[in-house]
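Data first, discussion second: the structure below is written as structure tokens.
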Amino acid sequence: MKVIIDLIEEIREAIANEETFTFLAMLLKEDEKGDLVFAGEALINDCIIEDEKLQFIIRQEPQEVNVGTVLPLINGLPNEAMMYPVILKIGNTSHDVVGFGNALEDKKFVLFMQQQS
């Protein structure tokens with residue numbers, strides 16, 4: 001599980017706070033060998049802080065959330081909020097973010113979640 005401070009550090013180190021990067025959710029699942037493999041992806045449409053969690057939300061909407069939208073939301077948080085978990089919410093289901101990545105050419109910042117068994 002990743003927390004807000006992990007996200008802030010990764011955005012700074014990996015993409016130098018580049019505000020035009022959009023967020024992408026990527027689903028990983030275990031194959032028969034126990035390795036994590038790609039299982040799907042979706043653009044993230046919204047981001048809110050609610051119930052002591054930073055929630056990235058996936059809906060069937062055309063809008064995208066970018067780093068320039070999220071950084072002001074999280075940079076002004078009090079210190080105790082830096083330990084809030086980062087989750088992906090799809091419908092009524094929440095998934096822990098287990099890692100981060102980026103696609104520099106496509107200007108995407110990736111949030112990885114693992115498929116629940």
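Quick note: numbers below take in every heavy atom, side chains included, and nothing from hydrogens, waters or symmetry partners.
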Straight-line distance of [X] [atom1] to [Y] [atom2], nearest 0.5 Å:
X	Y	atom1	atom2	result
Leu77	Ile5	CG	CD1	10.0 Å
Leu54	Cys47	CG	SG	4.0 Å
Thr69	Ile44	OG1	CD1	12.0 Å
Ile57	Asp46	CD1	CG	4.5 Å
Glu41	Leu24	CD	CG	4.5 Å
Gln115	Lys29	CD	NZ	6.0 Å

Quick check: does any side chain N or O of [X] sit under 3.5 Å from a backbone N or O of [Y], one acting as donor and the other as acceptor?
X	Y	value
Asp96	Val98	no
Gln55	Glu50	yes
Asp106	Ala103	no
Asn45	Ile58	no

Which heavy atom of [X] sits nearest a heavy atom of [Y], and at what distance?
X	Y	result
Leu43	Glu64	CD1-OE2, 3.0 Å
Ile87	Ser94	CD1-OG, 3.6 Å
Leu36	Glu30	CD2-CG, 3.8 Å
Pro85	Met1	CB-SD, 3.5 Å

(message) Quick check: Phe109 with Phe21 (ring centres under 6.0 Å apart)?
(response)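 So the answer is no for these two rings.
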Single-linkage hydrophobic cluster [X]~[Y], side-chain heavy atoms < 4.5 angstrom:
X	Y	answer
Val65	Ile49	yes
Met113	Val110	no
Ile11	Met26	no
Phe112	Phe38	yes
Tyr84	Leu7	yes

Flag yes if more than 12 heavy atoms outside [X] fall under 6.0 Å of its [atom1] atom; otherwise flag no.
X	atom1	result
Asp35	CG	yes
Met83	CE	no
Glu61	CD	yes

So do [Y] and [X] actually touch side chain to side chain, heavy atoms under 4.5 Å?
X	Y	answer
Lys53	Val86	no
Ile48	Leu73	no
Val37	Leu28	no

(request) Give every residue pair that meets the side chain to side chain donor-acceptor pair (under 3.5 Å) criterion with at least one member in residues 7-28, sequence neighbours excluded. (result)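 Listed once each, the pairs are Glu18-Thr20, Thr20-Lys107, Thr22-Lys108.
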(request) Check the pair Phe56, Phe23 against ring pair (Phe, Tyr, Trp, His ring centres under 6.0 Å), reporting the backbone distance first and the verdict last. (result) CA-CA 9 Å; Phe56 286 93; Phe23 284 93; 4.8 Å; yes
